[in-house]
Amino acid sequence: MSDTPISDSTPHNVAELGLLCRKLERDVNDGIDRIKRILAERDTARMQAAQKVDIRKEFRHLLGTDDIEQGVAVVRDMQQRIKRLEQENDAMRADLLLWNEQEAKP
């Protein structure tokens, strides 16, 4: 069996060979475009994988763990602490306003 069955089966007339060459060139260009797309997808996948690693490092750095459940617990504890500190701040402001009002009275 020949390794060029298409050209072997085409009559050797210049116009038909020209058409065949155009078809083959289009096929090659389509293949090259497909390869470029596949390589771009591969590069994108590599970048996303690298970002995941960086996100895990950041997560571990900020929360002391890269375990999601533990991280969620740490964040919830931080949220509760922030709320408590805000409440204490509000209470101190109210006390300060009251004190200022009392000091302003003759």
Side-chain angles (χ1 to χ4, degrees):
M1 176 150 199
S2 170
D3 60 346
T4 56
I6 295 173
S7 59
D8 290 346
S9 66
T10 303
H12 296 286
N13 135 352
V14 174
E16 289 179 2
L17 285 176
L19 292 173
L20 178 61
C21 285
R22 286 186 182 107
K23 180 193 177 318
L24 293 175
E25 187 175 358
R26 285 184 194 106
D27 290 348
V28 167
N29 288 336
D30 289 345
I32 290 170
D33 289 343
R34 184 164 184 233
I35 289 169
K36 287 178 182 177
R37 279 193 311 275
I38 290 169
L39 290 175
E41 288 172 10
R42 178 206 61 192
D43 293 344
T44 299
R46 283 182 176 171
M47 285 185 351
Q48 288 174 343
Q51 281 181 329
K52 277 188 178 178
V53 170
D54 290 343
I55 289 170
R56 279 193 169 289
K57 283 183 190 176
E58 192 70 21
F59 200 74
R60 191 176 319 115
H61 175 73
L62 291 171
L63 303 176
T65 181
D66 60 1
D67 179 76
I68 292 175
E69 287 182 35
Q70 289 177 357
V72 168
V74 168
V75 169
R76 285 190 178 140
D77 288 344
M78 288 178 179
Q79 288 173 328
Q80 289 174 356
R81 182 167 185 237
I82 289 169
K83 188 175 182 178
R84 218 176 28 253
L85 290 171
E86 287 173 340
Q87 289 170 345
E88 289 174 14
N89 185 35
D90 291 343
M92 287 192 300
R93 282 180 183 219
D95 288 345
L96 182 60
L97 284 173
L98 183 62
W99 184 80
N100 283 336
E101 288 174 2
Q102 291 173 353
E103 286 292 314
K105 291 181 182 178

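For clarity, every value in this text was computed on a predicted model and none was experimentally measured. We use all heavy atoms of the structure for the numbers below, so side chains are in, but hydrogens, waters and symmetry mates are not.
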Drop me the distance from E103's CD to L98's CG, to the nearest 0.5 angstrom. 10.5 Å
Can you see which heavy atom on Q70 is nearest to which on T65, and at what distance? OE1-OG1, 2.8 Å
Value rounded to 0.5 Å, distance of CD1 in I35 from CZ in R42: 11.5 Å
Does one hydrophobic cluster hold both L62 and M78, with members joined at side-chain heavy-atom distances below 4.5 Å? yes
Is it the case that one hydrophobic cluster holds both V75 and F59, taking links as side-chain heavy atoms less than 4.5 Å apart, direct or via other members? yes
Checking R37 now: which residues fulfil side chain to side chain contact (heavy atoms under 4.5 Å, CB included) with it, not counting sequence neighbours? D33, R34
What verdict does the salt bridge (Lys or Arg N to Asp or Glu O under 4.0 Å) test give for D27 and K23, after you've listed the backbone C-alpha separation in whole Å, the side-chain angles of each residue and the deciding distance to 0.1 Å? CA-CA 6 Å; D27 290 348; K23 180 193 177 318; 2.8 Å; yes
Interatomic spacing from CG in D43 to CD in E41 - rounded to 0.5 Å: 10.0 Å
Would you find more than 12 non-hydrogen atoms of other residues, nucleotides or ligands less than 6.0 Å from I38 atom CD1? yes
Please check: side-chain N/O of R60 versus main-chain N/O of D66, any donor-acceptor pairing under 3.5 Å? no
So CD of Q87 and CZ of R84: to nearest 0.5 Å the spacing works out to 9.0 Å
Measure the CD-CZ distance between E88 and R81 for me, rounded to the nearest 0.5 Å. 9.5 Å
Distance col, row R93:CZ vs N100:CG, nearest 0.5 angstrom, shows 12.5 Å
Check whether any side-chain heavy atom of N89 lies under 4.5 Å from a side-chain heavy atom of L85, and answer yes or no. no
